[in-house]
Amino acid sequence: MISRRHFSFALVLGAAFLLSSCGRLQALADQEQNQEADRLIEIARAYSQGSQSASVSSALPATEKQMAPASGSVDGAAQEEEYKNQIMMDLVRKDYDALDDSAHKDRSPAARFGGGTWRVWGYYEGLDTPPLGDKATEDDWNLQIDALKAWVAARPESGAARIALAGAYDNFAQHARGSGYANTVSDEGWKLYSQRIAMAASTLEDAAKLKDKSPYWYSMMFDVALAQGWTKSQAKELVDAAIAFEPSYYHIYRQYANFLLPKWYGEDGDAQAFAEQISNQLGGQQGKFVYFEIASTIVCGCDSDDPSQIQTLSWPKIKDGYAVLGQLYGYSSLKTNRFAYMAAQERDKPAARAAFAAIGDNWGLGVWHSKLDFLE
């Protein structure tokens, strides 16, 4: 017969064994994830060998000024929405010639909407979500993915088709997860989320084998990095590869700054330090413009209600960057709303008054959360 003391000792040993086993299993899982991330980083580095920066970006300043919309022109946000609808209709009509042609043109740094947003950003946003957006059902999502798969099948050499499909898998993963906090997601939701993110990564890997390339590939891979919880050093390696491909593709800098926020995988001050570093590295007007863009990521996030965030950044540099934005690309209602929000947080009354006058009643839901916040 086993004594009570020996039985208790056996339970302790058993518990210790289970805990150590779980620890080893978690360590193995983490090791596998790191190895997979490292493998994808190698693919990202190889992708950058098809760099477009040498042939396109050398003439960037002059091109940007020629393309900059005049003050008072059609708002960039309206331009982007109209363009997304056009691209979506091209997919519905199965006009693959038009889709591939637009993808090729839109990857140029000179192809931008008013406010500086790259047209390639709007291009893929017109393809990676069903027309009903947040109200789309599972059937709607499956129809959208089937339409993109048909494009891939019809044009096997189209990198754009595969990047768009990867984007749809990524957004379909978000659909499974939902918009609530992590503790509100069901086990089935997490399972589908993980599976669909893996499908996005696999599709991007397929796209990387083709000659047809785009800077947006890096945006999609960065979404994978965020979803899979890559380390900061791994995320930085991905950014470095994106810079080697196209340094003026500022969207990747916003994505990395978001990754560095404490709510994700960074610590206090990480995103701000990156804003300073990359602004100096780029230099000139592009450096100033990118500082403004990163600052708006830090201060104007969907759940950023902390007025102290603006104090962690250089307000003079933000104002300089906003001025450069207007000089290069004109202003859009979205960018002006972001600047107004930051000016209000900074309590710069002259700057805020000018921005609010430019906005009028065209307040941005993604910046102010509600009309009451805007009016306050």
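Since the structure is predicted, the reported quantities are computational estimates derived from the model, not experimental observations.
In the hydrophobic cluster analysis, where Ile, Leu, Val, Met, Phe, Trp and Tyr join through side-chain heavy atoms closer than 4.5 angstrom, Leu91 is grouped together with Tyr83. Both Met221 and Trp264 sit in one connected hydrophobic cluster of ILVMFWY residues. Membership requires side-chain heavy atoms under 4.5 Å apart, directly or through other members. By the rule that hydrophobic residues join a cluster once side-chain heavy atoms approach within less than 4.5 Å of another member, Tyr123 and Met89 end up as members of separate clusters. Using a 4.5 Å cut-off between side-chain heavy atoms of Ile, Leu, Val, Met, Phe, Trp and Tyr, with links allowed through other members, Val120 and Met88 fall into different hydrophobic clusters. Leu165 and Leu210 fall into different hydrophobic clusters, defined by Ile, Leu, Val, Met, Phe, Trp and Tyr side-chain heavy atoms under 4.5 Å apart, directly or through other members.
Judged purely by distance below 3.5 Å, without hydrogens or angles, the side chains of Tyr96 and Arg155 never pair a donor atom with an acceptor atom. A side-chain N or O of Gln255 and one of Ser219 form a donor-acceptor pair less than 3.5 Å apart. No side-chain donor from either of Asp206 and Thr203 sits under 3.5 Å from a side-chain acceptor of the other. No hydrogens or angles considered: a donor-acceptor pair under 3.5 Å links the side chains of Arg254 and Ser296.
A donor-acceptor pair under 3.5 Å is absent between the side-chain atoms of Gln228 and the main chain of Gln33, judged by distance alone. The backbone N or O of Pro247 lies less than 3.5 Å from a partner atom in the side chain of Tyr253, making a donor-acceptor pair. A donor-acceptor distance shorter than 3.5 angstrom exists from the side chain of Asp212 to the backbone of Gly159, with no hydrogens or angles considered. The closest donor-acceptor contact from the side chain of Ser279 to the backbone of Gly287 lies under 3.5 Å. Within the 3.5 Å criterion, the main-chain N or O of Glu237 finds no donor-acceptor partner in the side chain of Asp240. At distances below 3.5 Å, not a single donor-acceptor pair connects side-chain atoms of Thr129 with backbone N or O atoms of Glu125. When atom types are taken as modelled, the side chain of Arg162 and the backbone of Pro156 share a donor-acceptor pair closer than 3.5 angstrom.
None of Phe356, Tyr331, Tyr322 except one satisfies the ring pair (Phe, Tyr, Trp, His ring centres under 6.0 Å) rule with Phe339; the exception is Tyr322. When the options Asp170, Leu204, Leu238 are evaluated for a side chain to side chain contact (heavy atoms under 4.5 Å, CB included) with Val224, the one that passes is Leu204.
Under the 6.0 Å cut-off for aromatic ring centres, Tyr291 and Trp315 do not qualify, their centroids lying 6.0 Å or more apart. Between Tyr218 and Tyr249, a ring centre-to-centre spacing not shorter than 6.0 Å is recorded.
With a 4.5 Å cut-off on side-chain heavy atoms, Tyr250 and Thr117 count as touching. Residues Lys232 and Phe259 have side chains in contact (heavy-atom distance under 4.5 Å, counting atoms from C-beta outward). Annotation: side chain of Leu334 is not in contact with side chain of Phe113 (no heavy-atom distance under 4.5 Å). Residues Lys105 and Arg119 fail the side-chain proximity criterion, which asks for heavy atoms closer than 4.5 Å. Side chains of Ile318 and Val299 form no contact here, defined as non-hydrogen atoms less than 4.5 Å apart. Here the side chains of Leu226 and Tyr265 are in contact, with some heavy-atom distance below 4.5 Å. For the pair Trp151 and Asp100, the minimum side-chain heavy-atom distance is below 4.5 Å. Within the 4.5 Å cutoff, no side-chain heavy atoms of Ser202 are placed close to those of Tyr169.
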Which atom pairs, donor and acceptor, lie under 3.5 Å between side-chain atoms of residues 185-198 and protein residues at least two apart or in another chain?
unit_1, atom_1, unit_2, atom_2, d
Ser186, OG, Gly189, N, 2.9
Arg196, NH1, Phe172, O, 3.0

Query - Stepwise side chain to side chain contact (heavy atoms under 4.5 Å, CB included) test for Ile278 and Ile243 - result: CA-CA 10 Å; Ile278 195 64; Ile243 291 172; 4.0 Å; yes
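Between Ala207 and Tyr47, the closest heavy-atom pair is O-CE1, 4.4 Å. Nearest heavy atom pair, residue Lys135 against residue Asp140, reads O-OD2, 4.4 Å. For the residue pair Glu80 and Gly122, the shortest heavy atom distance occurs at OE2-CA, 3.8 Å. Between Trp118 and Pro215 the shortest heavy-atom distance is CZ3-CG, 3.8 Å. For Asp268 against Pro262, the heavy-atom pair with the smallest separation is OD1-CG, 3.2 Å. Shortest non-hydrogen contact noted between Gln234 and Thr231 is OE1-N, 2.9 Å.
Rounded to the nearest 0.5 angstrom, Gln345 CD and Cys300 SG are separated by 8.0 Å. Note that the CD1 atom of Ile163 and the CG atom of Leu148 stand 12.0 Å from one another [nearest 0.5 Å]. Going from atom CG of Asp348 over to atom CZ of Arg353 covers 9.0 Å, rounded to the nearest 0.5 Å. In this structure, the separation between CE on Met342 and NZ on Lys319 is 12.0 Å, given to the nearest 0.5 Å. Note that CG of Asp97 is 10.5 Å distant from OG of Ser102, once rounded to the nearest 0.5 Å. Rounding to the nearest 0.5 Å gives a distance of 10.5 Å between CD1 of Ile294 and CZ of Phe289.
Other residues, nucleotides and ligands contribute more than 12 heavy atoms inside 6.0 Å of the CZ atom of Arg39. Applying the 6.0 Å contact sphere to NE2 of His251 captures more than 12 heavy atoms from other residues, nucleotides or ligands. In the displayed structure, Asn280 atom CG is contacted under 6.0 Å by more than 12 heavy atoms of other residues, nucleotides or ligands. Around atom NZ of Lys288, no more than 12 heavy atoms belonging to other residues, nucleotides or ligands sit under 6.0 Å away.
Phe222 and Tyr256 have perpendicular rings, their planes meeting at more than 60° on a 0 to 90° scale where under 30° would count as parallel.
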